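Some notes on the structure that comes next.
Nothing here was measured: the structure is a model prediction, and the numbers come from that model.
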Amino acid sequence: MDAYIIILTLFGAVILLTAWLPMVLRELPLSLPIFCIVLGAVFSWSPVAPFAVNPLENRYLTEHLTEFVVIVALMGAGLKLDRPIGWKSWWVTWRLLGIAMPLTIATIAALAAGLLSLPLASAVLLGAVLAPTDPVLASDVQVGPPKTGEEDEVRFSLTSEAGLNDGLSFPFVYLAIALTALGDGYGEIIGHWLAVDIIWRLAAGLLVGWLTGRILGYLTFRLPQRASLSRTGDGLVAVGITCLCYGATELVHGYGFLAVFVAAVTLRSVERHNAYHKSLHDFAEQIERLLMMLLIVCFGMILGDGRIFEAMSWEIIVVALVTLFVIRPLFGWISLIGLPHLPSEKAVISFFGIRGLGSFYYLAFATGQAEFGTEPTLWITVFLIVLISIIVHGVAVTPVMRRLDQQRWDDKAPRHRRKGTVG
């Protein structure tokens, strides 16, 4: 009973902090995930520690908790995009996915194989795990709620990239899993990977996501007013759509992450201006933020424990720093060459490749599917990169985005206003 009461009390405190802290931290160079890390570290030194869950020692629980928070975040990300999907209007996103992401996976894999001496399967897995940006921890650089107008090119690009690349990194996770069984031969492995893990799973994810979005969009907005889902005004519908779409896609062995984001974008397109979209988005965001806080507090407790730092090597630190401050910014910038955007906008898009809970999910999933033999090194490397990303990006995001917004406003303002003179 005592343990239950302690956990219940802490859960209530986390819920209140989830609602209050975003408002308090909005104008400060400090993000909610940073606060959660500190809170978790403090908890690790308190009597609460025995009741905490160590995510690194509970792979199954880590996999499914991070899985759920990511799919809810993907639904929220898709719902808040005002811009219709298109080849030209999403051109920055396609470049980030088609150029920056494959180059990032290959380079991280090569770096891991050379510096960490990881075998091919583990190196490919590390690249696949760390390539996608995170839809959960990147909320501060994403667009605002539906119809708020907070959708400049930087925020739109980072939101749409985070929504799509979580699903597109999965083929490389499956490739890493397949490479652990080299006895079957490279030809058979590559053939199965191309046919099943790329063609079928991607096609299934896109198709189920689109069908779910269209059907539920009709039920929500096109039925007579008294029968439509939108009449309920209930944001809980967003979670129902998320779980239904994800589950249906996984049942046919498609990429559920991709399907959820596509379903959200499709649902939004059925009736783009209905105010009910905001209710759906706001509820999904609240659930996402609560689960994110709980998970990051648990990860913060690992910091206070200290064992993960004892197992860290200089090679892991170098890989972490190069991944965050060289590889992503470099290939992000390369992918945007030739576009007419301001250099400052390209720099922000390239730099804010935030890593987070999605990386933990992929690693937990893969290590549950196959034996890599390098699990400690993989977990420590991913944990360090996510930790550095939370701190650096969390501290930088508020002043950087504020400066970028000010620069954009100055560029649009009349010349005499920029000079501070009266015309």
Kindly indicate, with the supporting measurements, whether the criterion salt bridge (Lys or Arg N to Asp or Glu O under 4.0 Å) is fulfilled by Arg83 and Glu153.
CA-CA 10 Å; Arg83 187 181 307 184; Glu153 192 62 48; 3.3 Å; yes
Can you tell me how the ring of Trp379 sits relative to the ring of Phe360, calling it parallel under 30°, perpendicular over 60° and tilted otherwise?
parallel
Are the side chains of Ile302 and Phe299 in contact, using a 4.5 Å heavy-atom criterion?
yes
Tell me, do Ile337 and Lys346 make a side-chain contact under 4.5 Å, heavy atoms counted?
no
Is there any ring-ring contact (aromatic ring centres under 6.0 Å, His included) pair reaching into residues 311-350, and which pairs are they, with sequence neighbours excluded?
none
Does Thr377 offer a backbone N or O that forms a donor-acceptor pair with the side chain of Thr381 under 3.5 Å?
yes
Is the backbone N or O of Val143 less than 3.5 Å from a side-chain atom of Thr159, with the two atoms forming a donor-acceptor pair by type?
yes
Please step through side chain to side chain contact (heavy atoms under 4.5 Å, CB included) for the pair Tyr246 and Glu67, ending with a clear verdict.
CA-CA 10 Å; Tyr246 185 78; Glu67 176 183 39; 2.4 Å; yes
Do Leu258 and Thr249 come within less than 4.5 Å of each other through their side chains, counting heavy atoms only?
no
Could you list all the side chain to side chain donor-acceptor pair (under 3.5 Å) pairs where at least one residue sits in residues 114-133, not counting sequence neighbours?
Ser122-Thr374, Thr133-Asn165
Taking the side chain as every heavy atom from C-beta outward, state whether Leu363 and Glu63 have any pair of such atoms under 4.5 Å apart.
no
For Tyr276, what residues pass the ring-ring contact (aromatic ring centres under 6.0 Å, His included) criterion, not counting sequence neighbours?
none
Between Val262 and Phe257, is a side chain to side chain contact (heavy atoms under 4.5 Å, CB included) present by the stated rule, with each step listed?
CA-CA 9 Å; Val262 170; Phe257 282 4; over 6 Å; no
Output all residues satisfying ring-ring contact (aromatic ring centres under 6.0 Å, His included) with Phe156, sequence neighbours left out; order by chain, then residue number.
Trp90
Contacts satisfying side chain to side chain donor-acceptor pair (under 3.5 Å) that involve residues 194-220 (not counting sequence neighbours) are Asp197-Arg201
On a heavy-atom basis, which atom in Leu404 and which in Ser344 lie closest, and how many Å separate them?
CD1-OG, 3.6 Å
Suppose we screen for ring-ring contact (aromatic ring centres under 6.0 Å, His included). Which residues come up paired with Trp91, at least two apart in sequence or across chains?
Trp87
Note, Val92 side chain near Glu161 side chain (heavy atom, < 4.5 Å)
no
Main-chain N/O of Gly373 paired to Glu375 side chain as donor or acceptor, under 3.5 Å
yes
Quick one: list whatever passes side-chain hydrogen bond (donor to acceptor under 3.5 Å, both in side chains) with Asp234, sequence neighbours left out.
none
Would the number of heavy atoms belonging to other residues, nucleotides or ligands and lying under 6.0 Å from CZ of Arg403 be above 12?
no
Let me see the working for Phe383 and Phe309 under ring pair (Phe, Tyr, Trp, His ring centres under 6.0 Å), right down to the final yes or no.
CA-CA 10 Å; Phe383 184 86; Phe309 294 111; 7.2 Å; no
Which heavy-atom pair separates Pro102 from Leu97 by the least distance, and what is that distance?
CD-O, 3.2 Å
Criterion ring pair (Phe, Tyr, Trp, His ring centres under 6.0 Å) on His277 and Phe221, from CA distance to verdict:
CA-CA 10 Å; His277 287 298; Phe221 302 111; 4.9 Å; yes
Tell me every residue that passes side-chain hydrogen bond (donor to acceptor under 3.5 Å, both in side chains) with Arg289, counting only those two or more places apart in sequence or in another chain.
none
Between the CG atom in Leu384 and the OG1 atom in Thr323, the distance rounded to the nearest 0.5 Å is 9.5 Å
Could you list all the side chain to side chain donor-acceptor pair (under 3.5 Å) pairs where at least one residue sits in residues 250-271, not counting sequence neighbours?
Asp82-Arg268
Under a 3.5 Å distance rule, please check whether Trp193 uses its side chain to pair with a backbone N or O of Pro171 as donor and acceptor.
yes
Between Arg402 and Asp405, is a salt bridge (Lys or Arg N to Asp or Glu O under 4.0 Å) present by the stated rule, with each step listed?
CA-CA 5 Å; Arg402 184 185 295 129; Asp405 290 339; over 6 Å; no
Kindly compute the distance separating OG1 (Thr62) from CG (Leu295), expressed to the nearest 0.5 Å.
8.0 Å
Without swapping roles, check the side chain of His281 against the backbone of Met75 for a donor-acceptor pair under 3.5 Å.
no
Of all heavy-atom pairs linking Ala178 and Ile189, the shortest is O-CD1, 3.4 Å
For Arg355, all residues meeting salt bridge (charged side-chain N to carboxylate O under 4.0 Å, His left out), sequence neighbours excluded
none
Who are the ring-ring contact (aromatic ring centres under 6.0 Å, His included) partners of Phe261, not counting sequence neighbours?
none
Audit row: Leu216, Leu244, side chain to side chain contact (heavy atoms under 4.5 Å, CB included) steps and yes/no
CA-CA 10 Å; Leu216 289 174; Leu244 176 65; 4.1 Å; yes
Indicate yes or no: at least one non-hydrogen side-chain atom of Trp94 is less than 4.5 angstrom from one of Leu164.
yes
Kindly say whether Leu342 contributes a backbone atom to a donor-acceptor pair with the side chain of Glu345 at under 3.5 angstrom?
yes
Do Arg155 side-chain atoms and Val141 backbone N/O form a donor-acceptor pair below 3.5 Å?
no
Using modelled atom types only, decide if a donor and an acceptor are shared between the side chain of Thr107 and the backbone of Thr104 within a distance under 3.5 Å.
no
Just by modelled atom types, is the Gly358 backbone N or O under 3.5 Å from a matching donor or acceptor in the Asp134 side chain?
yes
Ser160 OG to Leu158 CG distance, which is reported to the nearest 0.5 Å:
8.0 Å
Decide yes or no on side chain to side chain contact (heavy atoms under 4.5 Å, CB included) for Val208 and Val252, but give the supporting numbers first.
CA-CA 9 Å; Val208 175; Val252 297; 4.1 Å; yes
Gap separating the OH atom of Tyr361 from the CZ atom of Phe68, nearest 0.5 angstrom
13.5 Å
CD1 on Ile354 to OG on Ser389, rounded to 0.5 Å:
5.5 Å
Any chance you could measure Arg328, atom CZ, to Phe352, atom CZ, to the nearest 0.5 Å?
11.0 Å
If you take all heavy atoms of Cys36 and Ile296, which pair is closest and at what distance?
CB-CG2, 3.4 Å
With a 4.5 Å cut-off on side-chain heavy atoms, are Val318 and Leu111 touching?
no
Flag the pair Ile388 / His393 as yes when at least one side-chain heavy-atom distance between them is below 4.5 Å, and no otherwise.
no
Using side-chain hydrogen bond (donor to acceptor under 3.5 Å, both in side chains) as the criterion, list what pairs up with Ser359, not counting sequence neighbours.
none
